[in-house]
2 protein chains.
Amino acid sequence: MRELTRAEEEVMQVLWKIRKGFVKDILKHFDEPKPAYNTVSTIIRILQDKGFVDHKAYGRTHEYFPVVSKDEYSKSHLNSFVNDYFSNSFEKMVSFFAREKEISVKEMQEIMKIMEGEVLKQKAMK
Amino acid sequence: MRELTRAEEEVMQVLWKIRKGFVKDILKHFDEPKPAYNTVSTIIRILQDKGFVDHKAYGRTHEYFPVVSKDEYSKSHLNSFVNDYFSNSFEKMVSFFAREKEISVKEMQEIMKIMEGEVLKQKAMK
DNA sequence: AATATATAACGAAATGTTTAGTTATGCAAC
DNA sequence: GTTGCATAACTAAACATTTCGTTATATATT
């Protein structure tokens with residue numbers, strides 16, 4: 001999957017949040033100082049070319065929506081990251097962060113509970 | 001922390017791997033088609049300006065080494081990612097990937113073992 | 001010392017990204 | 001229908017990144 005540049009990513013984050021919208025809707029969600037209308041419009045056009053968004057036309061105005069979901073992009077992005085920084089081992093990545101104490105005991109236990117649930121689900125499927 | 005561009009990141013990956021080296025050493029670790037010597041040299045200079053590497057001079061030749069460790073950069077990069085894509089919740093990120101079945105039962109159990117170890121360590125410290 | 005070699009610094013061209021002015025077109029208000 | 005308004009398309013300029021040829025300089029070789 002192509003990578004998003006900084007500006008493109010910001011537009012995508014808005015679209016993922018609002019699900020669909022016209023350029024002016026997207027613009028509303030930018031913090032000050034807001035970029036010019038045309039700046040957002042151009043980025044949207046690039047995102048269309050790259051296949052990240054598409055639009056539905058109402059006469060001359062276009063309502064844009066994501067074609068690539070935030071989940072899909074997250075997945076691809078994190079997989080590359082884990083590949084480049086943790087020799088493709090998700091396990092190494094998680095344990096690195098556990099050791100770095102970025103996550104508290106409570107959080108770790110919460111994660112473990114979720115993972116136990118997944119383990120059971122997968123076993124049940126056999 | 002500043003972000004690394006694509007080309008910069010590739011040079012850093014080599015430096016992190018070899019720990020220190022002259023431009024020609026870095027060049028050796030690139031896959032074909034290798035970039036020109038000067039391309040790597042220029043990128044190294046940019047990385048020095050950005051504070052990611054420094055060098056030790058032996059007369060006119062420079063031996064380069066990372067100033068920012070791979071761990072530091074990983075940490076900063078993943079924190080931004082988790083912030084942007086999982087509302088800053090590491091837990092959400094892990095459980096998303098568990099659900100996506102990107103990790104096998106075996107791997108999850110391994111991660112759980114590591115995390116249990118961390119939980120115990122942290123409790124012991126109290 | 002003269003020449004060759006290796007290196008970093010410099011400069012510049014090619015490419016990619018970001019920003020926004022200008023233009024053309026359709027729609028609404030009059 | 002003419003005017004004004006909103007919009008997307010087009011265009012171009014500013015800026016950033018990537019690539020590498022050229023140059024200057026130090027060191028090694030003869």
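Here C/dA9 presents its P atom at 13 Å from CG of B/L47, a figure rounded to the nearest Å. Rounded to a whole Å, the CD1 atom of B/I26 is 12 Å from the P atom of C/dT7. With rounding to whole Å, A/I43 atom CD1 is found 17 Å from C/dG16 atom P. One interatomic measurement links the two molecules: CD1 of B/I44 to P of D/dT17, which rounds to 17 Å at whole-angstrom precision. For the pair A/Y58 OH and C/dC27 P, the computed distance is 15 Å after rounding to whole Å. If you measure from atom CD1 of A/I46 to atom C1' of C/dG16, you get 10 Å, rounded to the nearest angstrom. When the P atom of D/dT7 is taken as reference, atom CG of A/D25 falls 9 Å away, rounded to whole Å.
OP1 or OP2 of D/dT19 has not a single side-chain nitrogen or oxygen of B/T42 nearer than 4.0 Å. OP1 or OP2 of C/dT18 sits under 4.0 Å from a side-chain N or O of A/T5.
Here the side chain of B/S95 pairs a donor or acceptor atom with the backbone of B/E91 at under 3.5 angstrom.
Salt bridge B/K75/B/E72: absent, no basic N to carboxylate O contact under 4.0 Å.
For the pair A/R2 and B/V23, both in contact range of DNA chain C, the more 5′-proximal nearest nucleotide belongs to B/V23. Mapping B/T61 and A/N38 onto DNA chain C by nearest heavy atom places B/T61 closer to the 5' end of the strand.
Counting any heavy atom pair closer than 4.0 Å across all strands shown, A/R45 reaches a base atom.
For D/dT7, its base sits under 3.5 Å from the side chain of A/R60 at one donor and acceptor pair at least.
For A/F90 and B/F97, the ring centers are positioned less than 6.0 Å apart.
A tilted orientation is assigned to the rings of A/Y85 and B/Y73, their planes being inclined by 30° to 60°.
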